[in-house]
Amino acid sequence: MLTAFARAFRTPDLRKKLLFTLGIIVVYRVGTHIPIPGVNYKAVQTCVNEAGANQGLFGLVNMFSGGALLQITVFALGIMPYITASIILQLLTVVIPRLEALKKEGQAGTAKITQYTRYLTVALAILQGTGLVATARSGALFNGCSVATSIVPDQAIFTTITMVICMTAGTAVVMWLGELVTDRGIGNGMSILMFISIAATFPSALWAIKKQGTLAGGWIEFGTVIAVGLVMVALVVFVEQAQRRIPVQYAKRMIGRRSYGGTSTYIPLKVNQAGVIPVIFASSLLYIPALIAQFAGGKSGWKTWIEQNLTKGDHPIYITSYFLLIVFFAFFYVAISFNPEEVADNMKKYGGFIPGIRAGRPTAEYLSYVLNRITWPGSLYLGLIALVPTMALVGFGASQNFPFGGTSILIIVGVGLETVKQIESQLQQRNYEGFLR
């Protein structure tokens, strides 16, 4: 990996792309520290220091924003509205025929879907920004903080609208910065910004574990966490690279005087075909009951049960529910993102077949069978990785936002591998151009 980056910096055009990407990252990180108008910055810092690592219900969104959410800055919402909009459009593509037709139109259809994603991102940013401002005004953003109700001193309607507009504009700027990295940088802009947001929280989280430790001044706990993180990274890299290759043979076809086909290839089915999406779905779904209970008044029985069982990360009911939801969403997302019948029809159209399997419906049934078989270990792997913060909570007394938690490790490793592959492919293309000349 380091060799690829060194070769890229020695290449003039790739060096410009890398420096441009680094410049965008600097701009993005500066924006995460600029507070929006109408916020008492001193009160926010006081509450953040009192809350420490315990970020409550907003921990996941705060992680995706690089710590900017609880600081209530211009980029407080970060990349989360875009991620949500992308997932919603991807799910609706299976349900709405119009979106499915656009997806099949190629580049023009993809551009149209991207435009819809931008509109939905702005709408979600307005909705989430309004919710964040309302939560900050009520003091529920930091439960137990002595100055939580004074975070937004002026609660006039004009101030509220200004704050929502600033956060929505910040989300639009983040989306624009990601597209700039995709077009003029090294590519994969949104994922790189997500990578930076998560990686930015690592140093403070690791140092907090060191300060809370008791063995050798906290260095034993610090070293143990680093070792566990390295083992997890190696495990995630191994599983993310694992795939089942289904061989495909294309028959020879005579078109005029030329012979086409007769080649052998394969269909790569990843063990973790769903990626990190099931973990995000399961976390978001488990946040909903706790969020409803937090804003509900009184002391009803259902509220007490939720507060006792679904808000504590080390509770057996929470752990079981989280694990089962991840397994369910892994199968659900794979079912809607990979269509065996469509793949079988495309293979049949171009004269392809799997050795020993008849073309058409038997091929679709075989692909579905293989996909279900490899999704089981992939879903169980996701569930075990996601439970690492819970084990850290029990073993080290750390928060649920353990620095090497499942979601953060999956995203960082996945984006890192993809970025390195893109840089290597651009280096190979440049070398091949010289060879062909």
Side-chain angles (χ1 to χ4, degrees), residues 17 20-39 41 44 58 60-93 99 102 109-137 141 152 157-201 280 284 411 415:
K17 291 182 178 181
F20 179 82
T21 303
L22 291 175
I24 294 295
I25 290 173
V26 171
V27 173
Y28 174 65
R29 290 304 300 162
V30 169
T32 58
H33 292 85
I34 301 176
I36 61 175
V39 173
Y41 186 69
V44 170
F58 305 96
L60 180 69
V61 184
N62 189 59
M63 179 187 70
F64 279 108
S65 66
L69 176 74
L70 297 183
Q71 302 281 352
I72 318 180
T73 63
V74 176
F75 292 165
L77 301 179
I79 203 72
M80 200 63 181
Y82 184 85
I83 297 173
T84 308
S86 301
I87 293 174
I88 291 174
L89 261 296
Q90 193 169 3
L91 295 176
L92 290 179
T93 302
L99 292 177
L102 284 175
T110 304
K112 199 70 176 178
I113 293 177
T114 303
Q115 195 69 18
Y116 292 156
T117 305
R118 293 170 184 163
Y119 293 148
L120 184 58
T121 299
V122 173
L124 290 174
I126 295 173
L127 184 63
Q128 294 179 12
T130 305
L132 178 60
V133 172
T135 306
R137 286 175 57 178
L141 188 62
V152 184
I157 186 66
F158 178 77
T159 304
T160 302
I161 293 174
T162 303
M163 294 172 70
V164 173
I165 290 175
C166 286
M167 282 191 284
T168 305
T171 300
V173 171
V174 170
M175 186 167 52
W176 176 62
L177 293 176
E179 292 181 354
L180 280 179
V181 174
T182 302
D183 295 337
R184 301 177 57 186
I186 59 177
N188 206 18
M190 298 298 178
S191 298
I192 288 178
L193 293 184
M194 193 192 313
F195 175 95
I196 296 300
S197 299
I198 296 172
T201 62
I280 298 176
S284 303
I411 293 175
V415 175

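Keep in mind the model is a prediction, meaning the values are calculated, not measured.
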Undergrad: Please give me the minimum heavy-atom distance between K17 and G185, naming the atom from each residue.
TA: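 What the structure gives for the nearest pair is CD-O, 3.5 Å.
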Undergrad: What residues form a side-chain contact (heavy atoms from CB on, under 4.5 Å) with R118, not counting sequence neighbours?
TA: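 Checked R118 against side-chain contact (heavy atoms from CB on, under 4.5 Å); matches are T114, Q115, M175, E179.
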Undergrad: Shortest non-hydrogen contact from V27 to F75?
TA: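 Of all heavy-atom pairs spanning V27 and F75, the closest is O-CE1, 4.2 Å.
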Undergrad: Enter the distance from R184:CZ to I24:CD1 here, rounded to the nearest 0.5 Å.
TA: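 Here the rounded value is 8.0 Å.
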Undergrad: Report the C-alpha distance between I79 and M190 in whole Å, list the side-chain angles of each, state the deciding distance to 0.1 Å, and finish with yes or no for side-chain contact (heavy atoms from CB on, under 4.5 Å).
TA: CA-CA 7 Å; I79 203 72; M190 298 298 178; 3.4 Å; yes
Undergrad: Minimum heavy-atom separation for M163 to P37, with atom names?
TA: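 Scanning both residues completely, I find the closest heavy atoms to be CG-O, 3.1 Å.
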Undergrad: T182 side chain to G189 main-chain N or O, any donor-acceptor pair under 3.5 Å?
TA: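 Indeed, once roles are kept as given, a pair shorter than 3.5 Å links the two residues.
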Undergrad: Considering only heavy atoms from C-beta outward, does the side chain of I36 approach that of T73 to under 4.5 Å?
TA: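 Result no, sub-4.5 Å side-chain heavy-atom pair not found.
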Undergrad: Can you tell me how far CD1 of I25 sits from OG1 of T21, rounded to the nearest 0.5 angstrom?
TA: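 These two atoms lie 6.5 Å from each other.
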Undergrad: Please find the pair of heavy atoms, one from Y28 and one from S197, that lie closest to each other, and give the distance.
TA: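 Residues Y28 and S197, closest heavy atoms: OH-OG, 2.5 Å.
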Undergrad: Test side-chain contact (heavy atoms from CB on, under 4.5 Å) on T130 and I126 and set out the steps.
TA: CA-CA 6 Å; T130 305; I126 295 173; 4.3 Å; yes
Undergrad: Are any of the side-chain heavy atoms of I186 and F20 separated by less than 4.5 Å?
TA: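 Answer no - side chains too far apart.
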Undergrad: Kindly compute the distance separating CG (L92) from CG (L99), expressed to the nearest 0.5 Å.
TA: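 Those atoms lie 6.5 Å apart.
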Undergrad: Compare all side-chain heavy atoms of V415 with those of M194 and state whether any distance is below 4.5 angstrom.
TA: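 They are not in contact (no side-chain heavy atoms under 4.5 Å apart), so the answer is no.
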Undergrad: Going from CE on M80 to OG1 on T121, what distance comes out if it is rounded to the nearest 0.5 angstrom?
TA: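 Spacing of CE (M80) from OG1 (T121) equals 12.0 Å.
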Undergrad: Looking only at heavy atoms, what is the nearest atom pair of T84 and Q128, with distance?
TA: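 Between these two residues, the closest heavy atoms are OG1-NE2, 4.3 Å.
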Undergrad: Going by salt bridge (Lys or Arg N to Asp or Glu O under 4.0 Å), name the pairs with one or both residues in residues 72-82, residues two or more places apart or in two chains.
TA: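 Of all non-adjacent pairs touching residues 72-82, none passes salt bridge (Lys or Arg N to Asp or Glu O under 4.0 Å).
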Undergrad: Might you work through the side-chain contact (heavy atoms from CB on, under 4.5 Å) test for T117 and S86, ending with a clear yes or no?
TA: CA-CA 6 Å; T117 305; S86 301; 3.7 Å; yes
Undergrad: Could you tell me if the side chain of L120 sits less than 4.5 Å from the side chain of Y82, heavy atoms only?
TA: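 Y82 does not reach L120 side chain to side chain.
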Undergrad: I need the minimum non-hydrogen distance between V174 and L193, along with the two atoms involved.
TA: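 So the minimum-distance heavy-atom pair works out to O-CD1, 3.6 Å.
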Undergrad: Heavy atoms, side chains only, cut-off 4.5 Å: are I87 and I83 in contact?
TA: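 Yes; the side chains approach each other to less than 4.5 Å.
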Undergrad: If we only count heavy atoms from C-beta on, is the P81 to T171 side-chain gap below 4.5 Å?
TA: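 Touching, per the 4.5 Å side-chain cut-off.
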